[in-house]
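The structure appears below as structure tokens.
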Amino acid sequence: MSTGPFQFMQTNELDSIVDSARDAFAKAQAPAELENAKAQFLGKSGRVTELMKGMAALGVDDKKVRGAAINLAKQAIEAALVQRRQALADRELDVQLKVEALDVSLPGRRRAAGSLHPVSLTMERIEQIFASMGFDVADGPEIETDWHSFTSLNNPPNHPARSMQDTFYVDIDGDDGIAYNLRPHTSPMQVRYAHQHVKKYAGQPVMPEIRVIAPGRTYRVDSDATHSPMFHQCEGLWLGENVSFKDLKVVFTDFCRTFFESGDLALRFRPSFFPFTEPSAEIDIQFQTGPLAGRWLEVAGSGQVHPTVVSNMGLDPERYLGFAFGMGPDRLTMLRYGVSDLRLFFDGDIRFLGQFR
Ligand code: DAH
């Protein structure tokens, strides 16, 4: 029997190296682990490599026999390695396919359809109804001059409506010396529109009646469940040579019944005061059915345009007479849809807004 390394070269010895290589490869769960395992057997100082080195001391015949046996073992290990590499790669691909799987049966992600804000719906409705009665729809500045917001509307300089409490004043670095505010109501549009109208028909034989509504944003220092610092108003003006309070009653009654789709809606004109109208009235409505039935609900201020205001419009108050009204589209929206808190309109919560389509 030979001595030396040859005795460790029994076939079963090589078989067990091949077996342990297969075991080690099987245990490897990732390519990097597999390459480490490979190094233990086929690397520079791996077990197979060491065996090869050990052959140096053998005689020629022994070398042949041993070399062939080691080569077979090496080939078996390499085959196992290739197989395991492929298995790991296949598994990685499987995982990746699962992770990136596209479930074509899922509903597509679509862009949510937007909807108009309930107050916008109301504004559009108001415009449509008044347009059908021959009213023009006008737009005007939200940053307004003191003259348009107050003075032109017969507001005495010491009138409480001018006080700092409810009006936002605007500091504009201009050299015109004009005091500006965020308009606290849409009433300045009465005068602005009348000026445009007078200018438009200057030199014409007849000036058509002024029939206009002016919806828009208004501002006051006020904030609670029924007041918002930014809110909406819609002004109305009907001025001519033959317009009376009776016309206001007819027009506004018609408007309310159409707006609320309620033919038996009752209206009440309750005496009131506004500097720009004389006489003045608050307009209350009463539903005959539904959750609000029987209660008088205030929806607008109104009155016959004050002669001073007619003068400020550039018109002769002896000749032109008419009525004006100012209503709150926010409140009309609350009444129409049964909304109890005004702030919901300005929170931007789509669970609320999505209900109005
Ligand atoms: N401008 C008034 C307000 O803000 C509402 C109003 C009342 C407007 C009477 C009018 C009117 O045109 O005639 O409370």
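Residues take their numbers from the sequence shown, with the count starting at 1.
Under the 4.5 Å side-chain criterion, counting only non-hydrogen atoms from C-beta, L14 is in contact with L51. Between L153 and H306 there is no side-chain heavy-atom pair separated by less than 4.5 Å. Contact check for V339 versus F356: side-chain heavy atoms found under the 4.5 Å cut-off. Side-chain contact between K74 and M52: present, with at least one pair of heavy atoms (C-beta onward) separated by less than 4.5 Å. Within the 4.5 Å cutoff, the side chain of P215 has heavy atoms near those of the E127 side chain. Within the 4.5 Å cutoff, no side-chain heavy atoms of L321 are placed close to those of V305. When side chains are defined from C-beta on, T277 does not count as touching Q304, because their heavy atoms never get closer than 4.5 Å. By the 4.5 Å heavy-atom criterion applied to side chains, L315 and M207 are counted as neighbours.
Of the charged side-chain nitrogens involved, none lies within less than 4.0 Å of a carboxylate oxygen, so that R220 and D222 do not count as a salt-bridged pair. Between E298 and R331 no salt bridge is recorded (no basic side-chain N to carboxylate O distance below 4.0 Å). Of the charged side-chain nitrogens involved, none lies within less than 4.0 Å of a carboxylate oxygen, so that R47 and E50 do not count as a salt-bridged pair. The residues K27 and E33 are annotated as not salt-bridged, no charged nitrogen and carboxylate oxygen being separated by less than 4.0 angstrom. Using a cutoff of 4.0 Å between basic side-chain nitrogens and carboxylate oxygens, E282 and R268 are not scored as salt-bridged. Under a 4.0 Å N-O distance rule, the pair E261/R336 qualifies as a salt bridge.
In the hydrophobic clustering of ILVMFWY residues, with side-chain heavy atoms under 4.5 Å counting as a link, L248 and L237 come out apart. Linking ILVMFWY side-chain heavy atoms closer than 4.5 Å, directly or via other members, places M123 and F352 in a single hydrophobic cluster. Cluster annotation: L88 is connected to L81 through the hydrophobic network of ILVMFWY side chains, with a link wherever side-chain heavy atoms come within less than 4.5 Å. Note: the hydrophobic cluster containing F273 does not contain F276 (ILVMFWY, side chain heavy atoms under 4.5 Å, direct or indirect links). Grouping the Ile, Leu, Val, Met, Phe, Trp and Tyr side chains by contacts below 4.5 angstrom, directly or via other members, places M334 apart from I285.
Under the 30°/60° scheme for interplanar angles, the aromatic rings of F269 and F245 are found to stand perpendicular. Ring geometry for F150 versus H185: interplanar angle of 30 to 60°, hence tilted. In this pair, W147 and H195 present their aromatic rings parallel. The plane angle is below 30°, not in the 30 to 60° band. The aromatic rings of F252 and F130 lie tilted to each other, with the angle between the two planes from 30° to 60°. By the 30° and 60° cut-offs, the orientation of the rings of H197 relative to Y201 is tilted.
If you take CG on D224 and CZ on R343, they are separated by 6.5 Å, rounding to the nearest 0.5 Å. Taking CZ of F231 as the start and OG of S223 as the end, the distance is 12.0 Å to the nearest 0.5 Å. Between the OH atom in Y337 and the CD atom in Q355 there is a gap of 11.0 Å [rounded to 0.5 Å].
Counting non-hydrogen atoms of neighbouring residues, nucleotides and ligands closer than 6.0 angstrom, the CG atom of D61 reaches no more than 12 such neighbours. The local environment of CD in E35 is crowded, with over 12 non-hydrogen atoms from other residues, nucleotides or ligands closer than 6.0 Å. No more than 12 heavy atoms of other residues, nucleotides or ligands shown are found within 6.0 angstrom of CD1 on I350. In D171, the CG atom is not crowded: 12 or fewer heavy atoms of neighbouring residues, nucleotides or ligands sit closer than 6.0 Å. Counted within 6.0 Å of CD1 on I143, heavy atoms from surrounding residues, nucleotides or ligands total 12 or fewer; the atom is thus considered open. In this structure, D349 places its CG atom where more than 12 heavy-atom neighbours from other residues, nucleotides or ligands lie under 6.0 Å away. By the neighbour-count criterion of 12 heavy atoms within 6.0 Å, atom CD of Q204 is densely surrounded, having more than that number from other residues, nucleotides or ligands. Heavy-atom neighbours of D254 CG from other residues, nucleotides or ligands within 6.0 Å: above the threshold of 12.
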Should F287 and F260 be marked as a side chain to side chain contact (heavy atoms under 4.5 Å, CB included) after you check the CA-CA gap, both sets of side-chain angles, and the distance that decides it? CA-CA 9 Å; F287 294 101; F260 288 107; 3.6 Å; yes
Side chain to side chain contact (heavy atoms under 4.5 Å, CB included), that's the test. Do R85 and L34 meet it? Break it down for me. CA-CA 7 Å; R85 264 195 198 132; L34 183 61; 3.4 Å; yes
Yes or no on side-chain hydrogen bond (donor to acceptor under 3.5 Å, both in side chains) for N181 and T167, after CA distance, side-chain angles and deciding distance? CA-CA 7 Å; N181 53 63; T167 303; over 6 Å; no
Derivation and outcome, side chain to side chain contact (heavy atoms under 4.5 Å, CB included), residues W238 and V212: CA-CA 7 Å; W238 188 352; V212 66; over 6 Å; no
Worked verdict on E235 versus F325 for side chain to side chain contact (heavy atoms under 4.5 Å, CB included): CA-CA 6 Å; E235 198 72 11; F325 54 83; over 6 Å; no
Run Q86 and D90 through side-chain hydrogen bond (donor to acceptor under 3.5 Å, both in side chains) and show every step you take. CA-CA 6 Å; Q86 190 57 51; D90 287 352; 3.0 Å; yes
Stepwise, does the side-chain hydrogen bond (donor to acceptor under 3.5 Å, both in side chains) test hold for R91 with Q29? CA-CA 10 Å; R91 204 171 66 180; Q29 297 300 318; 3.0 Å; yes
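Nearest heavy-atom pair, Q233 versus P184, reported as atom, atom and distance to 0.1 Å: NE2-O, 4.4 Å. Across all their heavy atoms, A80 and R22 have their closest contact at CB-CG, 3.9 Å. P317 and S311 make their closest contact through CG-OG, 3.4 Å (heavy atoms, listed as atom of the first residue, atom of the second, distance). A pairwise comparison of heavy atoms in R84 and A28 identifies NH2-O, 2.7 Å as the closest pair.
Looking only at distances, no side-chain donor or acceptor of S152 sits under 3.5 Å from a matching main-chain atom of N312. Remark: side-chain polar atoms of S120 are not paired, donor with acceptor, to backbone N or O of L116 under 3.5 angstrom. When atom types are taken as modelled, the side chain of H117 and the backbone of F345 share a donor-acceptor pair closer than 3.5 angstrom. Here the side chain of S280 pairs a donor or acceptor atom with the backbone of F274 at under 3.5 angstrom. For Q288 (side chain) and Q286 (main-chain N/O), a donor-acceptor pair under 3.5 Å exists by modelled atom type. One N or O on the side chain of S20 and one on the backbone of I17 form a donor-acceptor pair closer than 3.5 Å. Of the possible donor and acceptor atoms, none in the side chain of D247 sits under 3.5 Å from a partner among the backbone N and O of V243.
Side chain to side chain, Y169 and D146 fail the donor-acceptor criterion of an N or O pair below 3.5 Å. No donor-acceptor contact under 3.5 angstrom links the side chains of E144 and Y180, judged on distance only.
Looking at V299, D330, T122 one by one, the single match for side chain to side chain contact (heavy atoms under 4.5 Å, CB included) with L335 turns out to be V299. Here the options are D284, L332, L292, the test is side chain to side chain contact (heavy atoms under 4.5 Å, CB included), and the partner is L297; only L292 passes.
Taking the centre and axis of the six-membered ring of F259, the NZ or CZ atom of R125 falls inside the cone set by 45° and 6.0 Å.
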